[in-house]
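Before any comments, here is the structure.
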Amino acid sequence: MDVADKATLPRYRMTTTAELYTPNMEQTLSMDGKIMTPLMKHENIYSQPGIGHHGGSMLDEISSMPIPAVAPDHACSMLTSHAQMYASYSQHSSVMCSPSSAIHQHELDCDPRELEAFAERFKQRRIKLGVTQADVGKALGNLKLPGVGSLSQSTICRFESLTLSHNNMIALKPVLAAWLDEAERQAHAHHAEVFNTVTDKKRKRTSIAAPEKRSLEAYFAVQPRPSGEKIAQIADKLDLKKNVVRVWFCNQRQKQKRMKFSANMMPHHH
DNA sequence: CGTATGCAAATAAGG
DNA sequence: GCCTTATTTGCATAC
């Protein structure tokens, strides 16, 4: 009867048009100039540096950190990331110097080259600390940057391999930089703290089982946009949260739209 | 075991 | 409060 797992705090919010992540900034797909819609979903991907993993576990909890309060943000592009403001770069200090340096700093943040370098450095130092991607993701929640919760191993992995959108990379960079900073500080100080359990939780993802999924598809075939009441009814019947069902229908509509669109212009159709 | 990844939930933002 | 569109993530599971 209520949104039980609605505990997530406002998270980041970069958004706006996706930007391709390419060191060379290729402007693929120019088309007519307005039809880049949900089709070509996945953006960036100029993937992998090198692999090379390592074993090393050891957990260490990073936690609180003074809130930097970096400030000015003159978007070099368009993004409103909050996370971006809570940076605490390795060499703190340069932040509040002068407007020009602040802007300069920001430009660096947006530079694909810099991001790439950071990602690599990050991975290398993470491994040196003997921490896994999963550990990092979990630790981010203990680091108490406003609006920053834990992340999955997947996301950390994607950050390191640059398989996230450019904007997403830019938004996550300061957060990971802050974690790295704190992790190294604590490693050196020999203390692994864990104060606070206020750990902002990571986004949860419901897994809808195959049988339920089949039922939903059947309902969808009959009525792609059920009324709120119908949705509640279906949710009850499948023993799923109403919101889960509502979102499923929304996503299903998006998916259908994508399929229809791509099927339409695929140069194969005959 | 730790890391990639495919598929698709959950969210953000404007209506 | 729900819809759409665009995007960010996470579960599951393959390497």
Side-chain angles (χ1 to χ4, degrees), chain A residues 2-21 34-45 47-59 78-84 123 126-127 129-138 140-141 147-172 175 200-210 212-213 216-217 220 224-232 240-259 261:
Chain A
D2 60 314
V3 251
D5 43 11
K6 179 55 179 172
T8 23
L9 291 184
R11 209 164 277 278
Y12 327 109
R13 61 190 50 188
M14 43 240 88
T15 63
T16 37
T17 36
E19 218 169 272
L20 286 274
Y21 200 104
K34 181 62 187 88
I35 311 189
M36 304 172 58
T37 5
L39 262 192
M40 306 310 266
K41 273 299 224 213
H42 300 112
E43 357 54 16
N44 47 354
I45 301 178
S47 59
Q48 62 67 59
I51 319 159
H53 62 253
H54 202 131
S57 10
M58 283 291 68
L59 42 153
M78 53 300 168
L79 102 179
T80 327
S81 171
H82 275 174
Q84 179 171 33
K123 181 170 187 175
R126 169 181 67 77
I127 292 173
L129 284 167
V131 180
T132 67
Q133 298 174 339
D135 289 335
V136 174
K138 187 161 292 186
L140 290 181
V148 177
S150 300
L151 290 176
S152 66
Q153 170 262 321
S154 302
T155 301
I156 304 304
C157 172
R158 286 171 172 137
F159 179 86
E160 293 185 343
S161 57
L162 283 74
T163 44
L164 289 175
S165 69
H166 187 197
N167 283 348
N168 205 176
M169 288 293 291
I170 290 175
L172 257 32
V175 177
D200 193 346
K201 245 13 198 180
K202 123 169 142 290
R203 179 147 118 198
K204 286 298 194 188
R205 180 188 173 118
T206 303
S207 287
I208 301 175
E212 286 67 42
K213 199 160 290 188
L216 288 170
E217 283 163 353
F220 187 82
R225 33 185 4 145
S227 65
E229 250 173 53
K230 185 63 179 174
I231 287 178
L240 288 173
K241 298 263 187 54
K242 181 187 175 191
N243 197 54
V244 169
V245 175
R246 185 181 62 71
V247 170
W248 185 86
F249 273 90
C250 287
N251 285 319
Q252 196 60 29
R253 276 177 230 125
Q254 278 193 306
K255 183 205 241 177
Q256 184 192 240
K257 202 161 288 185
R258 271 199 305 277
M259 292 179 85
F261 200 57

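Proteins get letters first, then strands, A, B, ... in listed order; numbering begins at 1 in each.
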### Query
To the side chain of Gln254(A), which of dG2(B), dA6(C), dC11(C) is closest?
dA6(C)

### Query
Should Thr155(A) and Leu172(A) count as side-chain neighbours, where that means a heavy-atom distance under 4.5 Å?
yes

Can you check nucleotides 12-15 of chain C for protein contacts, nitrogen or oxygen pairs under 3.5 Å, and list what you find?
residue: dA12(C); atom: OP1; partner: Ser207(A); partner atom: OG; Å: 3.1
residue: dA12(C); atom: N6; partner: Ser154(A); partner atom: OG; Å: 3.4

### Summary
Rounding to 0.5 Å, atoms OG1 (Thr206(A)) and CD (Glu212(A)) come to a distance of 12.0 Å

### Query
Of the nucleotides dA8(B), dA4(B), dA10(B), which has the atom closest to the Val244(A) side chain?
dA10(B)

Distances for protein N/O vs nucleotides 1-3 of chain C N/O pairs under 3.5 angstrom?
residue: dC3(C); atom: OP2; partner: Arg246(A); partner atom: NH1; Å: 3.0
residue: dC3(C); atom: O3'; partner: Arg225(A); partner atom: NH2; Å: 2.7

### Query
OP1 or OP2 of dC11(C) sitting under 4.0 Å from any side-chain N/O of Ser152(A)?
no

### Task
For Ile156(A) and dT5(B), give me the distance from atom CD1 to atom C1', rounded to whole Å.
16 Å

#### Entry: Contact check, side chains of Phe159(A) and Lys123(A), non-hydrogen atoms, under 4.5 Å
no

### Task
Could you check how far CG of Asn251(A) sits from P of dT5(C), rounded to whole Å?
12 Å

### Message
Nearest whole Å is fine: how far is dA4(B) C1' from Leu162(A) CG?
### Response
14 Å

### Message
How many whole angstroms separate atom CD of Gln133(A) from atom C1' of dG10(C)?
### Response
14 Å

### N or O in side chain of Lys257(A) less than 4.0 angstrom from dT5(C) OP1/OP2
yes

## Note on the structure
From CG of Asn168(A) across to C1' of dG10(C) the rounded distance in Å is 13 Å

#### Entry: Protein-nucleotide distance (Leu216(A), atom CG; dA8(B), atom C1'), rounded to Å
13 Å

### Phosphate OP1/OP2 of dA9(B) contacted by Lys241(A) side-chain N/O (<4.0 Å)
no

### Query
Between Thr163(A) (side chain) and Arg158(A) (backbone), is there a donor-acceptor pair under 3.5 Å?
yes

### Task
Check whether any side-chain nitrogen or oxygen of Lys202(A) sits under 4.0 Å from OP1 or OP2 of dC11(C), and answer yes or no.
yes

### Donor-acceptor pair, side chain of Asp135(A) and main chain of Thr132(A), under 3.5 angstrom
yes

### Task
Consider the side chain of Cys157(A), meaning its heavy atoms from C-beta on, and name the nucleotide among dT5(B), dC11(C), dA9(B) that approaches it most closely.
dT5(B)

### Query
What pairs with Ala210(A) under side-chain contact (heavy atoms from CB on, under 4.5 Å), at least two apart in sequence or on another chain?
Arg214(A)

### Task
Could you grab the distance from atom NZ of Lys202(A) to atom CG of Leu151(A), nearest 0.5 Å is fine?
9.0 Å

### Query
Which of these nucleotides, dT9(C), dT3(B), dA8(B), is closest to any side-chain atom of Thr155(A)?
dT9(C)

### Task
Would you mind telling me which residue lines up with the more 5' stretch of DNA chain B, Trp248(A) or Arg158(A), judged by nearest nucleotide?
Arg158(A)

### Query
Any side-chain N or O of Gln252(A) under 4.0 Å from OP1/OP2 of dA9(B)?
no

### Query
Should Ser165(A) be listed as having a side-chain N or O under 4.0 Å from OP1 or OP2 of dT8(C)?
yes

### Message
Could you measure the distance from the CG atom of Asn251(A) to the CZ atom of Arg246(A)? Nearest 0.5 Å is fine.
### Response
10.0 Å

### Query
Does some side-chain heavy atom of Phe249(A) sit less than 4.5 Å from a side-chain heavy atom of Pro224(A)?
no

### Query
Sub-3.5 Å donor-acceptor pair from the side chain of Arg126(A) to the main-chain atoms of Val131(A), do we have one?
yes

### Message
Could you tell me how far apart Asp135(A) (CG) and dC1(B) (P) are, to the nearest whole angstrom?
### Response
13 Å

### Summary
Whole-Å distance, Lys255(A) NZ to dG6(B) C1', equals 12 Å

